[in-house]
Amino acid sequence: MPTRPIYLDYNATTPLDPRVLEAMLPWFTEHFGNAASRTHLYGWEAEEAVVQARNQLASTLGASEKEIVFTSGATEANNLAIKGTFEARRTQGTHHYITVATEHKAVLDPFRHLEQWGADVTYLTPSPDGLISAAQIAEVLRPDTVLVSVMYAHNEIGVVQPIGEIGALCRAHGVLFHTDATQAVGKIPVDVQADAIDLLSLSAHKFYGPKGVGALYVRKGVKLTAQLDGGRHERGLRSGTLNVPGIVGLGKACQLAAQEMSTESPRLKYLRDLLEETILQQVPDTRINGHRTHRLPQVTNISFGGVDGEQLLLHLNRLAVSSGSACTSASVEPSYVLKVLGLDDALAYASLRFSLGRFTTEAEVVAAARHVQEVVARMRNQVPFA
Ligand SMILES: *Cc1c(COP(=O)(O)O)cnc(C)c1O
């Protein structure tokens, strides 16, 4: 059997940690109750498991458990935050929203929807290193600005935004602040109090939890209109029977990430730097996209000048990496994020995101760097591939 490619696409999704799976298993079978069943043990024990997971998540965010709304993932959390705010505020005649052109589609598309509903949305362009400043936001704030949405850490380039400064600015102007923290939670410390965050989205499968479960943090007092109506679960903000095993997995994954972050983060940074430095040194005409220091420890996005991007991915068959984000890679479009940062189409095509994770080893990183070096050299020297 051919060996499977080296997985360096942890920003697309992560495998479930076996300890998370173990915590989840009983909640599929023996303890299968509906957390909303208030009349018997099956319901009570499921409800108790959900309470524990809610506490685990709340404590990693510096939130209160009453401020957590479980969802099917970050896409749903972003939709609830953005559309839910619009619907709750539309009668007050305040319609201005601010976001960034490099946000994930799960933020940009809900804002497109708001525009169709009559909102005025400002899409800011970050500097070429991917950073957005509080000053840039201050410049476009209006008396009728309702909400600012800025991603915490970027899925494609790993850039970590000055979230605390942006939060403080929004708070001072009485504007709501939402952040898509899907790539930050579990990787770097996130504190909704310190950063004055009102709404925060996350998804369990980005930090070794299961797919199909996530959450929206909703600061006490923030008004949202539910996007799913029904049995009034989650304080009426998200109806639908709770995914108990998924929620248990999310809680366990949070707890593990919090426990291991202080050792895991420097380990990943060491491996990322090793990969990056080896490629930059051994492959001519390469450059890193995004700010070199204000970024996540486990991701690098590298452009390879003078090679065809599609061919590059094809020949790198011993690696599982991505060009652009997984959500848009079904189509052969160059990354819109890299284009916003000023790359031309050809260079944006020839850019790869390498994202490492909990199960990445030094041997894998060394092998990956060597493979990249060999493939690019062959392509540039036009040596045919056997
Ligand atoms: C993965 C991701 C999402 C979408 O998460 P889902 O679990 O697919 O809903 C949203 N935002 C960012 C930044 C992501 O990385």
Please list, chain by chain and in numerical order, all residues satisfying side chain to side chain donor-acceptor pair (under 3.5 Å) with Thr14, sequence neighbours excluded.
none
Name all residues meeting the salt bridge (Lys or Arg N to Asp or Glu O under 4.0 Å) criterion together with Asp195; count only those two or more places apart in sequence or in a different chain, and write none if there are none.
none
Within a 6.0 Å radius of atom OH on Tyr42, are there more than 12 heavy atoms belonging to other residues, nucleotides or ligands?
no
My understanding is that only residues two or more places apart in sequence, or in another chain, count here; which of them pass ring pair (Phe, Tyr, Trp, His ring centres under 6.0 Å) with Trp117?
Phe86, His113
Under the criterion side-chain contact (heavy atoms from CB on, under 4.5 Å), I'd like the reasoning laid out for Arg370 against Val372: C-alpha separation, chi angles, the key distance, then a yes or no.
CA-CA 5 Å; Arg370 189 178 311 128; Val372 170; over 6 Å; no
Check which hydrophobic residues are tied to Leu21 through side-chain heavy-atom contacts below 4.5 Å, counting indirect links as well, and list them.
Leu16, Val20, Met24, Leu25, Phe28, Leu256
Can you see whether Ser355 engages Gln298 through a side-chain donor-acceptor pair at a distance of less than 3.5 angstrom?
no
Which pairs with one or both residues in residues 259-316 pass ring-ring contact (aromatic ring centres under 6.0 Å, His included), sequence neighbours excluded?
His291-His294, His315-Phe385
Do His96 and Thr122 come within less than 4.5 Å of each other through their side chains, counting heavy atoms only?
yes
Name the residue from Ile98, Leu124, Ile132 that meets the side-chain contact (heavy atoms from CB on, under 4.5 Å) definition with Val150.
Ile132
Shortest non-hydrogen separation from Ala368 to Leu319 and the atoms involved
CB-CD2, 3.6 Å
Using modelled atom types only, decide if a donor and an acceptor are shared between the side chain of Glu165 and the backbone of Pro162 within a distance under 3.5 Å.
no
Listed by chain and number, what are the ring pair (Phe, Tyr, Trp, His ring centres under 6.0 Å) partners of Tyr152, not counting sequence neighbours?
none
When hydrophobic residues are tied together by side-chain contacts of less than 4.5 Å, even through go-betweens, does Leu352 share a cluster with Val366?
yes
Donor-acceptor contact present, side-chain Ser64 to main-chain Lys66, <3.5 Å
yes
Of all heavy-atom pairs linking Ile197 and Asp191, the shortest is CD1-O, 4.5 Å
Using side-chain heavy atoms (C-beta onward) and a distance below 4.5 Å, is Val190 in contact with Thr60?
no
Reported CD-to-CD distance for the pair Glu65 and Gln56, which is rounded to 0.5 angstrom:
12.5 Å
Identify the two heavy atoms, one from Val244 and one from Gly33, that lie closest to each other, and give their separation to 0.1 Å.
CG2-O, 4.2 Å
Check this for me: Gln193, atom CD, are more than 12 non-hydrogen atoms of other residues, nucleotides or ligands nearer than 6.0 Å?
yes
Excluding sequence neighbours, so at least two apart, what forms side chain to side chain donor-acceptor pair (under 3.5 Å) with Asp120?
Arg142
What are the two closest non-hydrogen atoms of Leu224 and Leu80, and how far apart are they?
CD2-O, 4.0 Å
Taking atom CD1 of Ile163 and atom OG1 of Thr179, what is their separation to the nearest 0.5 Å?
4.0 Å
Decide yes or no for Leu274 and Glu362: does some side-chain heavy atom of the first lie under 4.5 Å from some side-chain heavy atom of the second?
yes
Donor-acceptor pairs under 3.5 angstrom involving side-chain atoms of residues 198-207: please list them, not counting sequence neighbours.
from	atom 1	to	atom 2	distance (Å)
Asp198	OD1	Arg171	NH2	3.3
Asp198	OD1	Arg219	NE	3.3
Asp198	OD2	Phe177	N	2.9
Ser201	OG	Asn78	OD1	2.6
Ser201	OG	His178	NE2	2.9
His205	ND1	Thr13	OG1	2.7

With heavy-atom distances below 4.5 Å as the criterion, would you say the side chains of Thr182 and His104 are in contact?
no
Can you sort out the partners of Asp273 under side chain to side chain donor-acceptor pair (under 3.5 Å), two or more places apart, ordered by chain and number?
Lys269
Could you grab the distance from atom CG of Leu169 to atom CG of Leu141, nearest 0.5 Å is fine?
5.0 Å
If the threshold is 4.0 Å, N to carboxylate O, is there a salt bridge linking Arg353 and Asp9?
yes
With clusters defined by side-chain heavy atoms of hydrophobic residues (ILVMFWY) lying less than 4.5 Å apart, directly or transitively, does Leu237 cluster with Leu57?
no
Give the cluster check for Val192 versus Val148: same hydrophobic cluster or not, with ILVMFWY residues linked at side-chain heavy-atom distances below 4.5 Å.
yes
Answer whether the closest heavy-atom distance between the side chains of Phe111 and Ile82 falls below 4.5 Å.
yes
No-hydrogen, no-angle side-chain donor-acceptor test under 3.5 Å, His154 and Thr102:
no
Applying the 4.5 Å side-chain criterion to the ILVMFWY set and letting contacts propagate, would Ile68 and Leu228 be lumped into a single cluster?
no
Going by side-chain hydrogen bond (donor to acceptor under 3.5 Å, both in side chains), name the pairs with one or both residues in residues 226-241, residues two or more places apart or in two chains.
Arg54-Glu234, Glu76-Arg238, Glu87-Gln227
Within a strict 4.5 Å, meaning less than it, do heavy atoms of the Arg287 and Leu343 side chains meet?
yes
Is a side-chain donor or acceptor of Arg295 paired with a backbone partner of Arg292 at a separation under 3.5 angstrom?
yes
Could you verify whether a donor N or O on one side chain and an acceptor N or O on the other, from Asn301 and Ser351, lie under 3.5 Å apart?
no
Quick one: pull up OG1 in Thr300 and CG in Leu356 and give me the separation to the nearest 0.5 Å.
9.5 Å
Just so I know, are the side chains of Gln311 and Met379 near enough to count as touching, which here means a heavy-atom distance under 4.5 Å?
yes
Nearest-0.5 Å distance that lies between atom CZ in Arg272 and atom CG in Leu275:
9.5 Å
Can you name the nearest heavy-atom pair linking Ser149 to Thr99, along with the distance?
O-OG1, 2.9 Å
Aromatic Phe359 / basic Arg267 pairing, under 6.0 angstrom, 45° off normal
no
Do Arg19 and Glu22 meet the salt-bridge criterion of a basic N to acidic O distance under 4.0 Å?
no
Taking the side chain from Glu67 and the backbone from Lys220, do they hold a donor-acceptor pair closer than 3.5 Å?
yes
Determine, using the 4.5 Å side-chain heavy-atom cutoff (strictly less than), whether Tyr97 and Val107 are members of one ILVMFWY cluster.
yes
Give the minimum heavy-atom separation between Pro297 and Ile188, together with the two atoms involved.
CD-CG2, 4.2 Å
Please list all pairs meeting salt bridge (Lys or Arg N to Asp or Glu O under 4.0 Å) that have one or both residues in residues 24-38, counting only residues at least two apart or in different chains.
none
Parallel, tilted or perpendicular, judged at 30° and 60°: which one describes the rings of Trp27 and His31?
tilted
side-chain contact (heavy atoms from CB on, under 4.5 Å) partner of Phe354, chosen from Asn11, Val321, Ile6, Val299:
Val321
Is the shortest heavy-atom distance from the side chain of Pro15 to the side chain of Tyr10 under 4.5 Å?
yes
Which residues pass the side chain to side chain donor-acceptor pair (under 3.5 Å) test with Glu47, not counting sequence neighbours?
none
Could you measure the distance from the CD1 atom of Ile288 to the CG atom of Asp129? Nearest 0.5 Å is fine.
12.5 Å
